Amino acid sequence: MHAQMMCADRKWCDFISYDDRLPSDLAYFQKRIIRDDELVIEIESEIKSFLGELEKELEIIKHYASEAA
């Protein structure tokens, strides 16, 4: 949900769940999620780290592919 808020530049979003198989007092659930800016910073950092690792792996693959050609 934080990724959605990050992409949409929102400060909050609602998590909603509905299942009509449940009793009526349990079938609908809603919770407002407030954006946690510290979590956003952590997510962004982890994404950058992942992309850096991915780029390194792609360079290794490209290197071996060019040697095989």
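Keep in mind that the numbers below use all heavy atoms, side chains included, and drop hydrogens, waters and symmetry copies. The structure displayed is predicted, hence computed values, not measured ones.
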Kindly give the cluster partners of [X], where membership spreads through any ILVMFWY side chain lying under 4.5 Å from a current member.
X	value
Ile60	Tyr64
Ile43	Met6, Leu39, Val40, Ile47, Phe50, Leu51, Leu54, Leu58
Leu22	Leu26
Met1	Met5, Phe15, Phe29, Ile33

Can you name the salt bridge (charged side-chain N to carboxylate O under 4.0 Å, His left out) partners of Asp25, sequence neighbours left out?
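Here no residue qualifies.
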Quick one: which residue pairs count as a side-chain hydrogen bond (donor to acceptor under 3.5 Å, both in side chains) with a foot in residues 28-39, not counting sequence neighbours?
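Pairs touching residues 28-39 that pass the test: Asp14-Gln30, Asp14-Arg32, Tyr28-Gln30, Arg35-Asp37.
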Please, which pairs that meet salt bridge (Lys or Arg N to Asp or Glu O under 4.0 Å) have at least one residue in residues 55-69, sequence neighbours excluded?
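Counting only pairs at least two positions apart or across chains, the salt bridge (Lys or Arg N to Asp or Glu O under 4.0 Å) contacts touching residues 55-69 are Glu59-Lys62.
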